[in-house]
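Report on the structure given below.
Only this structure's heavy atoms are used, side chains among them; waters, hydrogens and symmetry mates stay out. Remember, predicted model here, so these are calculated numbers, not experimental data.
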Amino acid sequence: MSENLEQSFVAQLQANQNIIHKICRLYTAGEDAHKDLFQEITIQLWKAYPKFRGDSKFSTWTYRVALNTAITLYRKTKRTISTVDYETQQYFVKDVDYNYEEEEQIKLMYKAVYQLNDIEKALVFMYLEDKDYQEIAETLGISEVNARVKMNRIKGKLKKILNP
């Protein structure tokens with residue numbers, strides 16, 4: 001691949017890596033699993049990058065690839081992740097420390113969200129990221145009306161979980 005393509009990918013990834021960290025936090029329960037999933041999502045993004053046409057924003061495309069990767073990996077009963085040795089790669093993305101010491105309310109919300117199914121988690125995540133229903137629907141491959149209905153049901157579920 002061309003050097004320009006690689007540089008473009010690395011720049012876009014650095015600018016959007018918090019999206020990946022948030023998805024990793026949503027679908028993993030530990031630092032090692034978080035790092036493994038982050039690496040796997042990065043690999044999947046890199047593999048798919050030459051086909052990225054720019055029809056949507058890079059961040060929207062990143063959400064879609066990252067969520068699909070996370071859902072696919074964590075639905076499997078055998079939870080092993082095939083990884084590539086990070087040290088052998090020529091191009092590195094600067095690692096940004098991710099703060100695991102969040103406020104108590106955020107911890108409670110994540111604990112409640114963990115109880116949701118995979119699609120519900122993805123919908124809540126994108127909603128909390130202030131994505132509009134059209135972008136949520138496009139990313140998840142559902143209709144905008146379906147996204148709204150599901151979100152209203154999820155809000156009720158979360159209220160019951162958080163206020164038993």
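Aromatic pair Phe9/Phe52: centroids not less than 6.0 angstrom apart.
Summarising the geometry, atom CZ belonging to Arg25 is positioned 12.0 Å from atom CD belonging to Glu31; distances are rounded to the nearest 0.5 Å. In this structure, Gln17 CD and Thr42 OG1 are separated by 8.0 Å, a value rounded to the nearest 0.5 Å. Atoms CG and NE2, from Leu37 and His21 in turn, are 11.0 Å apart once rounded to the nearest 0.5 Å. In this structure, OG1 on Thr62 lies 5.0 Å from CG on Asn16, to the nearest 0.5 angstrom. Atom CD in Glu144 sits 9.5 Å away from atom OH in Tyr133 (nearest 0.5 Å). Between the CZ atom in Arg153 and the CG atom in Leu123 there is a gap of 12.0 Å [rounded to 0.5 Å].
Here the closest non-hydrogen pair linking Ile19 and Ser59 is CD1-CB, 3.7 Å. Closest heavy-atom contact between Leu13 and Phe58: N-CE2, 4.2 Å.
Side chain of Asn146 to backbone of Ile142: no donor-acceptor contact under 3.5 angstrom is found. Formation of a donor-acceptor pair under 3.5 Å by the Glu120 side chain with backbone atoms of Asn117 is found in this model. In this structure, the side chain of Thr72 engages the main chain of Asn68 through a donor-acceptor pair within 3.5 Å. Thr60 places no side-chain N or O within 3.5 Å of a backbone atom of Ser56 that could act as its donor or acceptor partner.
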* To do: Using the side chain to side chain contact (heavy atoms under 4.5 Å, CB included) rule, take Lys121 and Tyr114 through it: C-alpha gap first, then chi angles, then the decisive distance, then the call.
  => CA-CA 7 Å; Lys121 285 179 189 176; Tyr114 276 128; 4.3 Å; yes

* To do: Before giving the answer on side chain to side chain contact (heavy atoms under 4.5 Å, CB included), spell out for Leu45 and Thr69 the whole-Å C-alpha distance, their side-chain angles and the decisive distance to 0.1 Å.
  => CA-CA 9 Å; Leu45 286 167; Thr69 301; over 6 Å; no

* Asked: So Asp132 and Ile136, side chain to side chain contact (heavy atoms under 4.5 Å, CB included) or not? Walk me through it.
  -> CA-CA 6 Å; Asp132 60 35; Ile136 292 171; over 6 Å; no

* **Test log, rule side chain to side chain contact (heavy atoms under 4.5 Å, CB included), inputs Lys157 and Gln115** => CA-CA 10 Å; Lys157 247 185 181 179; Gln115 297 177 43; over 6 Å; no

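When hydrophobic clusters are built by joining Ile, Leu, Val, Met, Phe, Trp and Tyr residues whose side-chain heavy atoms come closer than 4.5 Å, directly or via intermediates, Leu140 is not grouped with Val149.
Between Leu116 and Leu158 there is a side-chain heavy-atom pair separated by less than 4.5 Å. Tyr27 places a side-chain heavy atom less than 4.5 Å from the side chain of Ile71. By the 4.5 Å heavy-atom criterion applied to side chains, Cys24 and Ile20 are counted as neighbours.
No donor-acceptor contact under 3.5 angstrom links the side chains of Glu138 and Gln134, judged on distance only. Between the side chains of Tyr63 and Glu129, at least one donor N or O lies within less than 3.5 Å of an accepting N or O. Side chains of Lys155 and Tyr127: a donor-acceptor N/O pair is present below 3.5 angstrom, by distance only.
Just one residue in the list Leu26, Val113, Ile119 forms a side-chain contact (heavy atoms from CB on, under 4.5 Å) with Val124, and that residue is Val113.
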